[in-house]
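Data first, discussion second: the structure below is written as structure tokens.
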Amino acid sequence: MMTAPVFLVESLDGVAPGATVTLDGPEGRHAVSVRRLQPGEDIVLTDGGGRGASGTVVTTEGKDRLTVEVRECRKEPQPEPRITVVQALPKGDRGELAVETMTETGVDAVVPWSAARCITQWRGERGAKSLAKWRATAREAGKQSRRLRFPEVSEAATTKQVAALLADADFAAVLHEEGALPLATAELPTAGSIVLVVGPEGGVSPEELALFAEAGARPYRLGRSVLRTSTAGTAATALLLGRTGRWA
């Protein structure tokens, strides 16, 4: 049985069971004109920050407006431990693919990283457009996977900024092949933060590895096969969610 579709609203402040909420704008258009929701159908509204309201469509107006009667409200707590993936910028649209699948899997935050060996670099208007695409992808994938708390996609980070992020983590790791320990046997925290670095197609440079090691991040590997940069983060997130009990 399909669960009710999820739509994003700006705020759910003050919303309680029995209240009515109007959904309009692009989300309303998608609900009315694309999903063709009708009165009597179930719907979930979320602010993307962990709050959700389940209800029933009462009326639809025109092509982009509907009214929802709220039946139940809930708030998801911040997950523990929090999982952040630092994703090196891949070629083409593989960045959006990585964000999409990591979001569906359950990652909590994504940090775009301009690694030394990245072929793609975000600069100026192109960088702004690429970041907007990553954030839109996280938003749409969050709705598709029925999440109430969407992952944060930060501004692109430099290597020094990534090192600072790793230094503050309760568990910090860099996916790497040579001389790496298996991530499947690493001792993981049950709370706090986990930060994982996924390098570019050309790999993490020795200088970057050294800087990250100073910040407390050890190299780990997933398995015997070599994954693309666009899929490694998703596989690692799934492993971490399972091993920390978040998928229990």
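If you read the sequence from its start, that first residue is 1, and numbering goes on from there.
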Below 4.5 Å, heavy atoms only, C-beta onward: do [X] and [Y] meet side chain to side chain?
X    : Y    : answer
F7   : L66  : no
P90  : R228 : no
E208 : W113 : yes
S54  : D42  : no
I83  : M102 : no

Write down the atom of [X], the atom of [Y], and the distance for their closest heavy-atom approach.
X    : Y    : result
V174 : A217 : CG2-CB, 3.9 Å
A53  : V70  : CB-CG1, 4.0 Å
G127 : W122 : CA-CB, 3.6 Å
P17  : E72  : CG-CA, 4.4 Å
R146 : T3   : NE-OG1, 3.0 Å
P112 : V153 : CG-CG1, 4.2 Å

Presence of salt bridge, K143 and E27, under 4.0 angstrom:
yes

Look at the side-chain heavy atoms of Ile, Leu, Val, Met, Phe, Trp and Tyr, link any pair under 4.5 Å apart, and say whether [X] and [Y] land in one connected group.
X    : Y    : answer
V111 : I194 : no
L227 : L240 : yes
V86  : V204 : yes
V21  : L23  : yes
V6   : V15  : no

Roughly how far, to the nearest 0.5 Å, is the [atom2] atom of [Y] from the [atom1] atom of [X]?
X    : Y    : atom1 : atom2 : result
E152 : R135 : CD    : CZ    : 9.5 Å
K75  : L12  : NZ    : CG    : 10.0 Å
E100 : E140 : CD    : CD    : 10.0 Å
T22  : R65  : OG1   : CZ    : 5.0 Å
K91  : I119 : NZ    : CD1   : 4.5 Å
E61  : T67  : CD    : OG1   : 5.5 Å

Looking at [X] and [Y], would you say the former's side chain and the latter's main chain have a donor-acceptor pair under 3.5 Å?
X    : Y    : value
E104 : G142 : no
T46  : L148 : yes
R139 : F150 : no
R74  : G52  : no
R246 : P81  : yes
T237 : V107 : no
Q87  : T229 : yes
R147 : T103 : yes
D170 : S193 : yes
T56  : G40  : no

Describe, in one word, how the ring planes of F171 and Y220 are oriented to each other, choosing from parallel (under 30°), tilted (30 to 60°) and perpendicular (over 60°).
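Plane angle between 30° and 60°, so tilted.
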
Applying side chain to side chain donor-acceptor pair (under 3.5 Å), can you list everything that pairs with T84, at least two apart in sequence or on another chain?
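Applying side chain to side chain donor-acceptor pair (under 3.5 Å) to T84 gives none.
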
Mark yes when over 12 heavy atoms from residues, nucleotides or ligands other than [X] sit less than 6.0 Å from its [atom1]; otherwise mark no.
X    : atom1 : result
R117 : CZ    : yes
R218 : CZ    : no
Q144 : CD    : no

May I have the step-by-step check of salt bridge (charged side-chain N to carboxylate O under 4.0 Å, His left out) for R71 and E69, ending in yes or no?
CA-CA 6 Å; R71 181 174 60 252; E69 183 175 346; over 6 Å; no

Partners passing side-chain contact (heavy atoms from CB on, under 4.5 Å) against A236 (at least two apart in sequence or in another chain):
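Only L175, L183, L196, L222 meet the side-chain contact (heavy atoms from CB on, under 4.5 Å) criterion with A236.
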
Candidate pair R51 and D13, rule salt bridge (charged side-chain N to carboxylate O under 4.0 Å, His left out), full reasoning
CA-CA 9 Å; R51 298 183 65 179; D13 289 344; 2.7 Å; yes

Before you tell me yes or no, could you show the steps for T60 and Q38 under side chain to side chain donor-acceptor pair (under 3.5 Å), namely the whole-Å CA-CA distance, both residues' side-chain angles and the distance that decides it to 0.1 Å?
CA-CA 7 Å; T60 62; Q38 300 294 323; 5.1 Å; no

Kindly determine whether R149 and Q78 satisfy side chain to side chain contact (heavy atoms under 4.5 Å, CB included), including the steps that lead there.
CA-CA 8 Å; R149 189 179 294 277; Q78 284 278 4; 3.4 Å; yes

Between R94 and E201, is a salt bridge (charged side-chain N to carboxylate O under 4.0 Å, His left out) present by the stated rule, with each step listed?
CA-CA 11 Å; R94 290 191 175 276; E201 285 88 348; 5.7 Å; no

